[in-house]
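Remarks on the structure that follows.
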There are 2 protein chains.
Amino acid sequence: MSQDPSSRQPVGPPSSDRQPPERPSGERRSDNTLAALVAAEGARPKTATEFVEATLKKGILSGALPAGMALRQEDLAREFGLSRMPIREALRQLEAQALIDFTAHKGAVVTEISLEDALDLFAIRRALETAAFALSIPNLSPDDLGRAVEVIAEIDTEADAGRLGQLNRQFHMTLYARAGRPKLLTLVEAQLASYDRYLRFHLSAEGREQMAQDDHRAMVEAAATRDVAGAIAVLERHIDTAADALTRFYAMRDGAAQVE
Amino acid sequence: MSQDPSSRQPVGPPSSDRQPPERPSGERRSDNTLAALVAAEGARPKTATEFVEATLKKGILSGALPAGMALRQEDLAREFGLSRMPIREALRQLEAQALIDFTAHKGAVVTEISLEDALDLFAIRRALETAAFALSIPNLSPDDLGRAVEVIAEIDTEADAGRLGQLNRQFHMTLYARAGRPKLLTLVEAQLASYDRYLRFHLSAEGREQMAQDDHRAMVEAAATRDVAGAIAVLERHIDTAADALTRFYAMRDGAAQVE
DNA sequence: TTTGCTAAGATTGGATCCAATCAACATTGG
DNA sequence: CCAATGTTGATTGGATCCAATCTTAGCAAA
């Protein structure tokens, strides 16, 4: 990281002395929600590009950067206190992860989320997670199951909706972790992360009962007794239920008011 | 595309007047196999970055850029007739696709292929492709099945081992195409593309009978009669057989001679 | 008023330059 | 003679500058 503290801000948490209530040049599309994100990012990776990528990724998955938002390189560079170059490289990686849409001379936009994409994602999750769960169950230790139970409890007490997605991801990954297939697990985690955006969208309107904690408990129960078929059945039902609920939610929303 | 034909080569197929039998400065790590690839790439995308990405991707999947090969930015830039910048951005995207390993100040290396990764990949393929196939079968038209049969025939007559992987991918995708889940299909195709590297590795040592054309025919047959369960069973066996064969191949190779 | 064209501004793509990091080699002290 | 250390070359990370393209506002003609 070739950061020169004399001429530029350090790449870490820049203590938010960016530009307090001052708008640089008229409007600001990718506005100050970014500034909070930049300040929040605690541990900084080795390179500025990685830092930008991690920050933007977290922002998109957490919903701080909403779908459809334009990401102007110049603005981002100013807010991060960097040049446009690390921004561009980070955007490239986010594009390969399908988190943003990149058009040739038009720029980057946070990928839209639609019901079709959500159903697509549920199909992928169903296929991948049942496979991972089946492979993992025989190798799960009592310790693993204990951690899963703890996460269930955390979900019940967690107030921040933003952290619920993270905890949900953590719960599922704990149960899959012993599958012994690193690439499969990486894929599963990526899909679960994508799912965060839909989950938040849904949770913000409906209650936290959408988390289906009963299913979570049933999954741990079945895993504890090494009942692979039963556990898979619960997981499939869990995902199908979520898909149905989200479908109903979209139908209701679109039926009630034509939002754009 | 800000190509200036007077000072630089056009970005398309540069008619291979790069540097014929002349080595620029001593050695060349990412050597002239690249030159052929650059010249071969027919249609050129809009930007240089996309061109570089597509070319490198094809090179890696086709085996022209073998696993473990270091990709020096400077060398690539010279061979493509571009600056290092589009190279860097292309490498970023390839890294997000797990085709190369990127280390902070060390550079990019074509991802190694190992038996463990292959088994990982087989597990992923089994999960995703069975799901896609099941969704697609009810919607397959006679036309689709006809195309699948044609591809089977092509595989029988194709001599070039490099194209076999592509045809194999095409066959499978034809059967999955009506799943109606774009993101799922994109994922499946990406995994099949990754599989190309292992398939080639295997085919180069054993014969083309590794393609298991009987399984392919059985898959079309089951799909034609809308026998979803039967088709899935064949596909699972197909993938498991390939996994077992590759495992035996690795065991034999490692047992016979300790190749590095 | 509307439609088509033109030109200026905004924004991204690409090139070149400089700084930071890493690896290998030489050097010196034990 | 070996190990720790300084030094130099190679290579990547980041910044700045220029070129190409897209968008939009303005204007003219139908």
Side-chain angles (χ1 to χ4, degrees), chain A residues 1-12 14 23-30 44-55 69-95 100-109, chain B residues 1-12 14 24-30 44-55 69-95 100-110:
Chain A
M1 52 216 146
S2 60
Q3 280 312 110
D4 181 0
S6 63
S7 72
R8 298 210 148 273
Q9 320 273 355
V11 109
R23 47 190 60 185
S25 66
E27 90 299 29
R28 19 159 229 195
R29 253 146 305 200
S30 49
R44 63 213 143 299
K46 317 229 170 349
T47 68
T49 298
E50 290 176 41
F51 174 70
V52 173
E53 190 210 344
T55 306
M69 180 178 193
L71 300 175
R72 296 263 168 271
Q73 298 180 1
E74 193 88 32
D75 299 349
L76 293 176
R78 197 177 31 242
E79 307 216 40
F80 275 97
L82 297 166
S83 86
R84 264 178 50 216
M85 178 116 351
I87 309 290
R88 278 164 61 174
E89 294 192 20
L91 290 179
R92 285 289 177 190
Q93 288 191 258
L94 294 176
E95 197 226 357
I100 64 176
D101 287 331
F102 217 101
T103 320
H105 282 88
K106 288 193 51 179
V109 175
Chain B
M1 51 220 141
S2 60
Q3 281 310 112
D4 180 2
S6 63
S7 72
R8 298 209 148 275
Q9 318 274 355
V11 110
S25 65
E27 91 296 30
R28 25 167 221 185
R29 254 149 304 204
S30 48
R44 63 218 145 295
K46 314 219 168 359
T47 68
T49 298
E50 291 175 40
F51 176 70
V52 172
E53 190 211 343
T55 306
M69 181 177 192
L71 299 176
R72 297 263 166 271
Q73 299 179 2
E74 193 87 33
D75 299 350
L76 293 176
R78 197 174 31 242
E79 309 218 39
F80 275 97
L82 297 165
S83 86
R84 266 177 50 217
M85 177 114 356
I87 310 290
R88 277 165 63 174
E89 294 192 20
L91 291 178
R92 286 289 178 191
Q93 289 192 254
L94 294 176
E95 197 226 358
I100 64 176
D101 288 330
F102 216 100
T103 320
H105 282 89
K106 288 193 51 180
V109 175
V110 178

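So that the names make sense, note that chain A is the first sequence line, chain B the second, and so on, each numbered from 1. These numbers were taken from a predicted model, which means no experiment stands behind them.
- The two residues B:A48 and B:P86 have their closest heavy-atom pair at CB-CB, 4.1 Å.
- Straight-line distance from the NE2 atom of B:H105 to the P atom of D:dT12: 10 Å, rounded to whole Å.
- Applying the side-chain hydrogen bond (donor to acceptor under 3.5 Å, both in side chains) rule to B:E74 yields no partners; only residues at least two apart in sequence or on another chain are considered.
- For the helix from C:dT1-D:dA30 to C:dG30-D:dC1, the terminal axes (five pairs an end, C1' atoms, rotation from four pairs onto the next four) enclose an angle of 10°, given to 10 degrees.
- Side chain of A:R72, nearest nucleotide from C:dT11, D:dA15, C:dT16: C:dT11.
- Residue A:T49 has no polar side-chain atom (N or O) positioned under 4.0 Å from OP1 or OP2 of D:dG13.
- For A:E89, the side-chain hydrogen bond (donor to acceptor under 3.5 Å, both in side chains) test picks out B:R88, B:R92, with sequence neighbours left out.
- The distance from the CD1 atom of B:I87 to the CD atom of B:E79 is 9.5 Å, given to the nearest 0.5 Å.
- Between the NZ atom of B:K46 and the C1' atom of C:dG14 there is a distance of 18 Å, given to the nearest Å.
- Regarding B:F102, its CZ atom lies at a distance of 8 Å from the C1' atom of D:dT12, rounded to whole Å.
- Rounding to the nearest 0.5 Å places NZ of A:K46 at 11.0 Å from NE2 of B:H105.
- Distance, A:E74 CD to C:dG9 P: 17 Å, rounded to whole Å.
- In this structure, A:Q73 atom CD and D:dC22 atom P are separated by 15 Å, rounded to whole Å.
- Note: B:L71 CG to B:L76 CG = 5.5 Å, rounded to the nearest 0.5 Å.
- Contacts between residues 85-95 of chain B and DNA chain C, defined by a heavy-atom separation below 4.0 Å, involve B:M85, B:P86, listed by number.
- When rounded to the nearest whole Å, the span between CZ of A:F80 and P of D:dG14 equals 13 Å.
- Looking at which nucleotide of DNA chain C each of B:E50 and B:K106 is closest to, the 5′-most match is held by B:E50.
- Residue A:S83 places its side chain closer to D:dG14 than to any other of D:dG14, D:dG13, C:dG14.
- At a cut-off of 3.5 angstrom, the base of C:dG13 holds at least one donor-acceptor pair with the side chain of A:R84.
- Rounding to the nearest 0.5 Å gives a distance of 8.5 Å between OG1 of B:T103 and CD of B:E95.
- The separation between A:L82 atom CG and C:dC18 atom C1' is 16 Å, rounded to whole Å.
- Every residue two or more places apart in sequence or in another chain that forms a side chain to side chain contact (heavy atoms under 4.5 Å, CB included) with B:A90 is listed here: B:T49, B:V52, B:E53.
- Here the straight-line distance linking atom CD of A:Q73 with atom CG of A:L82 works out to 13.0 Å at 0.5 Å rounding.
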